[in-house]
Amino acid sequence: MSILCLVLVLMLSSASSTSCCAEHESNCLLQFLAGLSQDGGLAASWRHGRDCCSWEGITCSSTAGKVPTVTDVMLASKKLEGSISPALGRLSSLLHLNLSHNSLSGGLPSEVMSSGSIVILDISFNSLGGILPLSPPLTTGLKLLLQVLDISSNKFSMELPSLDAMAHLVVLNASNNSFSGHIPTNFWSNSPSLAVLELSYNQFSGSIPPELGNCSGLRLLKAGHNNLCGTLPDELFNATSLECLSFPNNNLQGTLEGENVIKLGKLATLDLGENNLSGNIPDGEIPETIYSCSNLTALRLSCNKFQGQLSKGLGNLKSLSFLSLTYNSLTNITNALQILRSSSSLTTLLIGHNFMKYQMMITLMVLSLSGCSLSGKIPRWLSKLSSLEMLVLDRNQLTGPIPDWIGSLNFLFYLDVSNNNLTGEIPTAFVQMPMLRSDRPAVQVQWYPRAFEVPIYISASLQYRMTSAFPKVLDLGNNEFTGLIPPDIGQLKGLHKLNLSSNKLYGDIPQSICNLTNLLMLDLSSNKLSGTIPGALKNLNFLTRFNISYNDLEGPIPTEGQLSTFTDSSFIGNPKLCGPMLSHRCSSAKAVPAPAYTLSTDEFRHKVIFGITVGLFFALGVLLDQMVFSRMNIPDDGHYSNSSKSFVNSPLLELFPCSRSSNKLPMDLLGFVVVLLLCLASSTRSCTDQEKSLLLQFLAGLSEDGGLAVSWRNDTDCCTWEGGTCSMDATISEVLLASKGLEGNISQSLGSLTGLLRLNLSHNSLSGELPLVELMSSSSIVILDVSFNHLSRALQEFSAHTTIQPLQVMNLSSNLFTGQFPSTAWKVMNNLVALNASNNSFTGRLPSSLCINSPSFAELDLSFNQFGGSIPKDISNCSMLRVLKGGHNNFHGALPDEIFNASSLEYLSFPDNVLSGVLDDANIIKLSKLSILDLEQNMFSGKIPKSIGQLKRLEELHLGENKLYGELPSTLGNCTNLKILDLKFNNLSGDLGKVDFSSLSNLTKIDLLVNNFSGTVPESISACINLIVLRLARNNFHGEFSQTMNRLRSLVFLSVADNAFTNIRNALHIFKTFRNLKMLLIGGNFKNEVLPEDETIDGFENLQYLSISGSSLYGKMPVWLSKLTNLEKLHLYDNQLTGSIPVWIKNLNFLFHLDITNNNFTGEILTTLIQLPMLKSKKMVSILNERVSKIIICTGSRHQLLMEPATLNIGRNGFTGVIPPEIGQLKALDMLDLSYNSFSGEIPQAICNLADLEMLDLSNNNLTGTIPLELSKIHFLSVFNVSNNDLEGPIPTGGQFDTFDNSSFDGNPKLCGPMIGRHCNSAKAIHVSTFFTDDFSINIIFGITVGLFFALGVLLDQMRQPYATSTTN
């Protein structure tokens, strides 16, 4: 038995050794924890006695049979504070140490720096300082394994030590520290594998070491923002692998030698800005050879001493997207801009402070031409730059007004035209600029990010690393502008900086300027402004610079908020201003503080009346007082005639009621006046206890009061409570509590507030029943708004004795109301003007007496309910009705003729009902004021009436998804205000050419999807230059597209799929001119043509969705697709394309939906596709989906919003090879189709990591092995198919696998399982284990060990029994 016990002890010891880290390593980690003053919560899991392999941020090795050792310490962004313990250097198997983005301080221990195991060391973005410890010298013979060392963004100082023992170093980032001295010269000898060297933002001095040229693998070299001097050494250009060479903001001199630059054929970024490089361009000092660097994407040579003209060779840089040549001495701007026109990829061009005295003529998207002394007017060609975001034209000699087309630049958020000679009034077109109207940051509004690696400098003290970091700016200072500051300027709520200084503006500062709550800088100085300073400017809480000096302003300066922080320099030059910050104090009063709040009209009137009353009674009191004193015996010399005793007997004692003489009356009257005055003052200040009690009952009914209880206190006047307003007689007139986060019920007590006029409880989470009858019992409410809550149940019917209500506006929208709308409500609401009951669940019919009882009805919205029946004829009695909405209900029958007698209608909308009949010519013509007609998704038939052309005000026509037929009436061309024409899903036919679209220049959307139109696309449609959406898909159009279509430069969405168009090459050359195009669907055309591969097809810079499917096109995947850097969806399915998938597809950084099924592609595609970055991040795909235009896309017989899953569909091709394990990295995938190819090998276990998969089709390949058990843990998997392979073994059960039928597994004769009726021989279908793979293996080993030792114990026991028996015998 002792042997058995020994076996058990050994077994337990073995089991323990396979599951816990060594105590030595645990102690090292705990020493590191002890050195932290702030552990970021690590102590919760880093506990002594617990296996350190399970600690947060720790990863251990798991070699079978060996004690686990710590390999990774990953503690980035954990909010750690304190020092780094040397104990970490004693973790002998540590490979990765990441402590970046914390607040660690002190030094870096030499034990960590000299670790013989660490491969990646990242301590960036901390507060570490001192001298970086030396690595072991070469004489020790120790070679460190370190490959990546990131010590950037710390406080290290002194010289960068020689990194002698780092023979394997690949990446060194020491940027943003305070290193000084010379750059070490031995990188090439000590670290021959060095690929990235980043030394920017330090204090290095001396020359650039020539030895860096010996680093043959060096790809990135940055040392900008130091104190380097001398020339660029010739040897440096021997580093021919360089892709990024960056030395900005140093003191480099000399010239660029052509024979050197030509060696850097892989160069993508060259940044030598802000140095002293010189030369004359025609003589080669910006050498021609630089233009042979075809991979160059960013070139920055600004702030040097280059001169001369740009070379035509610049046009060879087809990939160039960023070019900065500012602050040189370049000449001939005409030549420069003509050359730059050919740079189709250029998105940022900075060429200011050149071209002195040249007249401006052309250019682009981010455009800076500042400080060039350019003359002339702002040219019209700038209006064509529809993607322009920043326009900087300051410090020139431009003249004339700012053109109105400036408002059409939809992405412009930074405009600086200061220091010119511009004239005229400030254009109202500024108010139309959407980017300045929106207070969202520019980066959120853009369609795609536009960041630049090369810094952009605006001044010596200010730099921005990307355009999206710029504030929203309108700078018109130092010009000759005249007129008033437009009041509409208050709509530009996104503005951060507004400069109108040094112009000739006059009039008042508009009150609306106080709405610009994001303003950081406001400069109105040196104009001719008059009037007072608006007190509400104090609400501009972010205002850090304010200047209104040298105007003609007057009155006191408000002294609250930010205005109290500015010195007298902000106000000088206005002699009529007064206030504490000026030497000129206000004579009759101190500077008036800005009002704490703005009074309502009623409050203002009541307080004025009260003030006047006080004044009158005060005057009366003075008068009576004079009457009393006139009777006193006071001599002319001002002294009393008698002694003090005589004073006691004076008539002044008649103030007291001790005598009944005739002198008593005036004093009694004065006392009465005082009492009356006090009563009046009291009545204007306090509400009644009864109304206070009623409001407190409402508060008591709330389960969440949104903080109201803070001010709604019984010991305070309810007229001062948040959201409440009192009238002159101290009765509650308004309860305005919208968007307060209220939850609970609406108390009936509010109906007892007899003076309540307006009740607004909208945008909360109130629930329960609406006590409508009780609320109306006050017979005072004029406006009732309870929209956007969770109110439910049916509304109450009113009693027959209810009096006529004064209610004019009732908004019940977006709740959960059910049942019929109370019929008695219409009878008591005779004064109703607007009713919104949309987005509920009301049922029943509309009453026929609607407009008889409410003759003033102007707006009725009943959409998104369950109303049924026919539309009542008596609605024609609503002579004032302007808006009638009844969409998304169950109305049926025809539109009654009588409805067209409501001739004031401007908005008629009944989409998504069951309405039928025809649209009569004679009726339509009556609605002459109609602006919007929406009858789509009904069952109307017949033709579109010709009289529709007489609706001159018509802006939107929605007749899609009906049964209309016939031709489009030519009279439609008379609707010159038409913006939207939506006729999709009908049976319309004929030639579109019969409509003159040239008169419809306001059109922004034409949707003719699924009709029977024929012929060619009329040329007149090219006159619709404001078109954003054009959809002609699934008709019978044919022929080629006209060249005139290239005028449609505003198009964002174009779909012409499934017609019979020809000549795809011509079509693509036309469409590429649509620079704003984001979605292009042209599949189902160009049958059996060849997909063009030539590189002359460029453009499409903004394209996000491209579909050229179902066309039986021949050829290969064209290289011009590689330029579509913003592409998110690519459909090339159902063609006859051949060849392999090019490797450049992995560079399409936003691609998350690829469908190339049913082609003839070959090769091993998956090794390329698994590198698509968007498929690795679910978060990024969701961001892209949020920004996609909500344009309806036809899918089959219906339609859906364009919100696509992350998809990889490559089925039905000729792809080969194995499915690589790396496919498990594509965690964003929703759909994966690899069917009908020739893939071989096993289904990789890693595919089980795709936790969001909804569809997985691996059928019809040559796959072998078993089906991974973990697939049943993919909980969203709804389609699964592995049929027709050579798989074997049991089919997993449980989870989603219990929902798949046998067709998912057919054609695999070696598979077994209950769903295919083939039972497994030796075991049932295996259920998925709950253990992880490593734990499972350890437990199997443990089980086998137990079994073996148990068998050994039994054997020993059997051996012992005979021995014991023989001894006894």
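Using a cut-off of 4.0 Å between Lys/Arg side-chain N and Asp/Glu carboxylate O, D1098 and K1072 are scored as salt-bridged. Salt-bridge check for E1089 with R1065: failed, with every basic side-chain N at 4.0 Å or more from each acidic carboxylate O. Look at E243 and K266 and you find no salt bridge, because none of the NZ, NE, NH1 or NH2 atoms lies under 4.0 Å from a carboxylate O.
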Just do the side-chain hydrogen bond (donor to acceptor under 3.5 Å, both in side chains) check on N1158 and D1134 with the steps written out, would you?
-> CA-CA 5 Å; N1158 200 20; D1134 293 343; 2.9 Å; yes

Assess whether side-chain hydrogen bond (donor to acceptor under 3.5 Å, both in side chains) is satisfied between H96 and D72, documenting all intermediate values.
-> CA-CA 5 Å; H96 304 149; D72 294 359; 3.2 Å; yes

Might you work through the ring pair (Phe, Tyr, Trp, His ring centres under 6.0 Å) test for F1297 and F1280, ending with a clear yes or no?
-> CA-CA 9 Å; F1297 270 75; F1280 177 73; 5.0 Å; yes

Would N1284 and N1260 satisfy side-chain hydrogen bond (donor to acceptor under 3.5 Å, both in side chains), going step by step from the backbone distance to the final call?
-> CA-CA 5 Å; N1284 299 313; N1260 294 281; 3.2 Å; yes

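Rounded to the nearest 0.5 Å, atoms CG (N1281) and CG (L1256) are 9.0 Å apart. Of the inter-residue distances, the one linking L1229 atom CG with L1250 atom CG reads 6.0 Å to the nearest 0.5 angstrom. Distance check, rounded to the nearest 0.5 Å: CG of L1253 to NE2 of H1275 gives 13.0 Å. Here D1230 contributes atom CG and M1255 contributes atom CE; the two are 10.5 Å apart, rounded to the nearest 0.5 Å. Note that the CD1 atom of I1219 and the CG atom of N1261 stand 6.5 Å from one another [nearest 0.5 Å]. Taking CZ of F1150 as the start and CD of E1128 as the end, the distance is 7.5 Å to the nearest 0.5 Å.
With 3.5 Å as the limit, one finds a donor-acceptor pair spanning the side chains of D912 and H888. Using a 3.5 Å distance cut-off with no hydrogens or angles, the side chains of N1209 and T1207 do not pair a donor with an acceptor. Using modelled atom types, one finds no donor on one side chain facing an acceptor on the other under 3.5 Å when comparing N1135 with N1159.
In terms of the ring-ring contact (aromatic ring centres under 6.0 Å, His included) criterion, H1069 has no residue partners (sequence neighbours excluded). Taking the ring-ring contact (aromatic ring centres under 6.0 Å, His included) definition, one finds that H101 meets it with F125, sequence neighbours left out.
Each of D1155, L1106, L1103 was scored for a side chain to side chain contact (heavy atoms under 4.5 Å, CB included) with L1130, with one residue passing: L1106. Screening D1007, L1008, L1009 against L983 for a side chain to side chain contact (heavy atoms under 4.5 Å, CB included) leaves a single residue, L1008.
Using bins of under 30°, 30° to 60° and over 60° for the plane-to-plane angle, the ring pair H1153/H1131 lands in the tilted bin. Below 30°, between 30° and 60°, or above 60°: for F1215 and F1239 the angle between ring planes is below 30°, a parallel geometry.
A donor-acceptor distance shorter than 3.5 angstrom exists from the side chain of N1308 to the backbone of N1285, with no hydrogens or angles considered.
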